[in-house]
Amino acid sequence: MADKEIKISVKNLKKCYGDLEVLKDISTDVTKGEVVCVIGPSGSGKSTFLRCLNRLETVTAGSIVVDGNDITDKHININKVRENIGMVFQHFNLFNNLNILDNLTLAPVQLKKCSKAEAEERAKKMLAKVGLEDKATSFPSQLSGGQKQRVAIARALCMEPDIMLFDEPTSALDPEMVGEVLQVMKDLAADGMTMVIVTHEMGFAREVADRVIFMDGGYIVEEGTPSEVLLNPKEPRTIDFLNKVL
Amino acid sequence: MLTIITVYGSMLLVAMGRTLLLALLGLFFACIIGMLFGIMGVVKNRVSNVISQIFVDVIRGVPMIVLAFFVYFGIPYLFNTIIGGFSVSMTALQAGTICLALNCGAYMAEIIRAGIQSVDKGQTEAARSLGLTYGQSMRKVVLPQAIKTMIPTFINQFIITLKDTSILSVIGFPELVNTAKNVQANTFMSFQTWAIVGVMYLIVITILSRSAKVLERGLNVGR
């Protein structure tokens, strides 16, 4: 693992909202093609950590280097960096004013990554990949939660990112729709995508993750392979948490 | 009643035309002012937020009749007499347009600010996470959704502004109410005069709000 290319390097990351310290001291690296699952109780700072990685949250202290760009640097063009980091949200956040095809092509066309025709061609390919090629002209309000989330993944993929961030992608879904979204994510992992996933799906983490990070109280309490963290946890807090959720 | 219509009918119609002209001019500039201060109210900049809020609070806190006297009499007096050396003068139409634009503009700013803020912030976050700039996210994602929620409130505000033109009769602009006062003074037929004027407003506003409803429905088609 040591000689692999590092995609994300987080050093001494700290994030405060006023007096509230959400992230106290986080350091970790994510290498190319690695799938990292972040688990932990609510309020442990996992989502905040993820949102710091593409600067949806501004960092209080520490550094985050993505592909050699220090995104905590105020002078960096964050939009350029974000083009390379896809993000999938808990509540999908599809653009309600646009149909599915336009949801997928908006960013590539606006950011002049390609022509409208090329963007549409790629969008249709991505929709096929997530099994929704027949929904191109539908509006988000006409889709089920699982379909929306698969569209959201396809939308992020249309920018051809190197890294994908998932913020509890299945937490807002009906149980029978969780599987279809996880399947898309598994396929993505198999394709070699670098992924950081905040999740409560322990089964998924065990199956797909290369590494599991357990966070609590603004710190990384324990990290390691799924079998180390999920099956043989060492820290009492990890053991306690896993006892509650498994 | 018939005498008023036959003798003063065309005069009242012309006055209604002036009312509509004043309302249109006022609304035109109000849209510009409203957009400016509305956007200033939502951008991430404390100074512009505060300026926008002060503007809205001041204008909303002053009755329009006071604003009208202040703009029409107060401002020229300030420049010509208190400061001295100027010879500022404005027509009643200019002063009226300024008043309506400021007054309606302040309410529009609030409608626009509230409309933009009513759009779930996840929409902006999703757009920004794809690499779109703040401006692109606004134009392509947030504003199209915000405008849809604003339209009914806009129409309501337009109607209020049209009616508010009657307040500007106090600075002597010969719109419908001012003209009707003269008709009443000439004929002594108060009941008939004001009944006719009321019906005239009613007709115009009903036509406007009905066509606005049609427009609103048209915008919702295909969504």
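Chain identifiers are assigned alphabetically (A, B, ...) following the order of the sequence lines, protein sequences preceding nucleic acid strands; residue numbering begins at 1 within each chain.
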* Just how far is it from atom CG of A:Asn96 to atom NZ of B:Lys148, taken to the nearest 0.5 Å? -> 9.0 Å
* Asked: Which bit of A:Leu165 comes within less than 4.5 Å of chain B, counting heavy atoms only: side chain, backbone, both or neither?
  -> neither
* To do: Kindly give the heavy-atom pair with the smallest separation between A:Phe95 and B:Gln123, and that separation in Å.
  => CA-OE1, 3.3 Å
* Asked: Do B:Val141 and A:Leu106 have side chains that get closer than 4.5 Å, going by heavy atoms?
  -> yes
* To do: For atom NZ of A:Lys113, decide whether the heavy atoms of other residues, nucleotides or ligands shown that lie under 6.0 angstrom number more than 12.
  => yes
* Around B:Phe70, counting heavy atoms of other residues, nucleotides and ligands shown, do more than 12 lie under 6.0 Å from its CZ? -> no
* Toward chain A, the part of B:Gln136 with a non-hydrogen atom under 4.5 Å -> side chain
* **Under 3.5 Å side-chain donor-acceptor pair for A:Asn54 and B:Arg128** => no
* Is the backbone N or O of B:Lys140 less than 3.5 Å from a side-chain atom of A:Asn97, with the two atoms forming a donor-acceptor pair by type? -> yes
* To do: Would you mind checking which part of A:Ile85 comes under 4.5 Å of any heavy atom in chain B, side chain (CB onward), backbone (N, CA, C, O), both or neither?
  => backbone
* Can you tell if the side chain of A:Leu111 reaches within under 4.5 Å of the side chain of B:Thr133, non-hydrogen atoms only? -> no
* Asked: Which atom names give the shortest non-hydrogen contact between A:Ala107 and B:Leu132, and what distance separates them?
  -> CA-CD2, 4.0 Å
* Determine, stepwise, if the pair B:Leu130 / A:Arg155 fulfils side chain to side chain contact (heavy atoms under 4.5 Å, CB included). => CA-CA 9 Å; B:Leu130 289 164; A:Arg155 176 177 67 180; 3.9 Å; yes
* **Greatest number of heavy atom pairs closer than 4.5 Å to chain A - which of B:Ser129, B:Ala127, B:Ser137** => B:Ser129
* Asked: Within a radius of less than 6.0 Å around CZ of B:Phe28, do more than 12 heavy atoms belonging to other residues, nucleotides or ligands occur?
  -> no
* Would one find more than 12 heavy atoms of other residues, nucleotides or ligands at under 6.0 Å from atom NZ of A:Lys186? -> yes
* Greatest number of heavy atom pairs closer than 4.5 Å to chain B - which of A:Glu83, A:His91, A:Arg55 -> A:Glu83
* Does CD in A:Glu133 sit with more than 12 non-hydrogen atoms of other residues, nucleotides or ligands closer than 6.0 Å? -> yes
